[in-house]
Amino acid sequence: MGWFEETMDSVKSIQIRQAFSQALTLGLIVTSALIIWKGLICMTGSESPVVVVLSESMEPGFARGDILFLHMSEDPIQAGEIVVFNVDGRDIPIVHRVIKVHERKDTGEVYVLTKGDNNDEDDRALYARGQHWLQRRHIMGRAVGFLPYVGWVTIIMTERPIIKYILIGALGLLVITSKD
């Protein structure tokens with residue numbers, strides 16, 4: 001009997017109680033992951049406490065595939081800090097260094113200008129049309145640490161969705177066929 005036939009026999013032999021137990025375990029794992037993520041959001045003050053560097057614009061400091069850990073505090077943003085920001089009209093956050101900080105004397109609002117370390121020009125071309133500076137609301141967090149190259153898993157699964165579906169299918173099959 002081949003591997004596929006054995007797997008199908010195993011799937012057919014699962015009892016309802018065992019299937020319920022496995023579904024409950026899977027639900028607890030997913031719920032735990034969500035609780036941990038929400039806890040990180042509360043602890044770091046960032047809407048996304050972990051991001052993956054998606055381009056080479058920050059090399060040599062950060063390479064494509066590095067994972068950055070973010071923190072957002074009320075401290076003033078300073079030139080030289082590495083921030084992750086969203087631009088109006090774009091879904092993907094950008095990781096770049098603050099090169100200029102401008103504070104309006106009349107309102108006290110702070111505006112920042114960013115640039116990738118590996119880029120020749122500042123980021124004004126990346127900002128929304130007519131926007132020349134970022135406001136605090138655009139900034140998701142400041143980089144406080146990183147893990148090199150660990151984010152490649154995310155990049156590969158995003159660029160090649162078939163790998164993501166194969167992995168999810170294999171994990172699902174593993175959960176269904178496990179006897180414990």
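All values below were derived from every heavy atom in this structure, side-chain atoms included, with hydrogens, water molecules and symmetry-related copies excluded. The first residue in the sequence is number 1, and the count goes up from there.
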Hey, any chance [X] and [Y] share a hydrophobic cluster, counting ILVMFWY side chains that come within less than 4.5 Å of each other, even indirectly?
{"X": "M72", "Y": "L70", "result": "no"}
{"X": "F146", "Y": "W152", "result": "no"}
{"X": "V51", "Y": "I94", "result": "no"}
{"X": "I99", "Y": "I82", "result": "no"}
{"X": "V95", "Y": "F85", "result": "no"}

Closer than 3.5 angstrom, by distance alone: can the side chain of [X] be matched with the main-chain N or O of [Y] as a donor-acceptor pair?
{"X": "D66", "Y": "Y149", "result": "yes"}
{"X": "N86", "Y": "H138", "result": "no"}
{"X": "D122", "Y": "R124", "result": "yes"}
{"X": "Q135", "Y": "R137", "result": "no"}
{"X": "R97", "Y": "G80", "result": "yes"}
{"X": "K38", "Y": "C42", "result": "no"}

Indicate yes or no: at least one non-hydrogen side-chain atom of S48 is less than 4.5 angstrom from one of W37.
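SC-SC contact between S48 and W37 confirmed.
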Any heavy-atom pair between the side chains of K100 and V112 that's under 4.5 Å?
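No, every pair of side-chain atoms sits at 4.5 Å or beyond.
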To check you understand the geometry: which heavy-atom pair defines the closest contact between [X] and [Y], and what is its length?
{"X": "L68", "Y": "A143", "result": "CD1-CB, 4.3 Å"}
{"X": "R142", "Y": "S73", "result": "NH1-OG, 3.8 Å"}
{"X": "N119", "Y": "K115", "result": "O-NZ, 2.6 Å"}
{"X": "I77", "Y": "E81", "result": "CA-OE1, 3.3 Å"}

Distance from [X] atom [atom1] to [Y] atom [atom2], nearest 0.5 Å?
{"X": "W133", "Y": "H102", "atom1": "CH2", "atom2": "NE2", "result": "6.5 Å"}
{"X": "L167", "Y": "I162", "atom1": "CG", "atom2": "CD1", "result": "11.5 Å"}
{"X": "E121", "Y": "L126", "atom1": "CD", "atom2": "CG", "result": "11.0 Å"}
{"X": "T114", "Y": "I139", "atom1": "OG1", "atom2": "CD1", "result": "8.0 Å"}
{"X": "L24", "Y": "I29", "atom1": "CG", "atom2": "CD1", "result": "10.0 Å"}
{"X": "Q131", "Y": "D88", "atom1": "CD", "atom2": "CG", "result": "5.5 Å"}

Could you go through the side-chain contact (heavy atoms from CB on, under 4.5 Å) check for Y127 and L113 one step at a time?
CA-CA 10 Å; Y127 300 163; L113 180 63; 3.8 Å; yes
D91 atom CG: more than 12 heavy-atom contacts under 6.0 Å:
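Atom CG in D91 is not packed in, count stays at 12 or less.
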Is it the case that more than 12 heavy atoms not belonging to R136 sit under 6.0 Å from its CZ atom?
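Buried by this count: over 12 neighbours within 6.0 Å.
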Please assess E109 against Y111 for the test side-chain contact (heavy atoms from CB on, under 4.5 Å), listing each intermediate value before the final yes or no.
CA-CA 7 Å; E109 278 189 274; Y111 298 93; 3.4 Å; yes
Any Lys/Arg nitrogen of E159 or R64 sitting under 4.0 Å from an Asp/Glu carboxylate oxygen of the other?
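Result for this pair is yes, salt bridge flagged.
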With no hydrogens and no angle check, do the side chains of H96 and S57 hold a donor and an acceptor under 3.5 Å apart?
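Yes, S57 and H96 have a side-chain donor paired with an acceptor closer than 3.5 Å.
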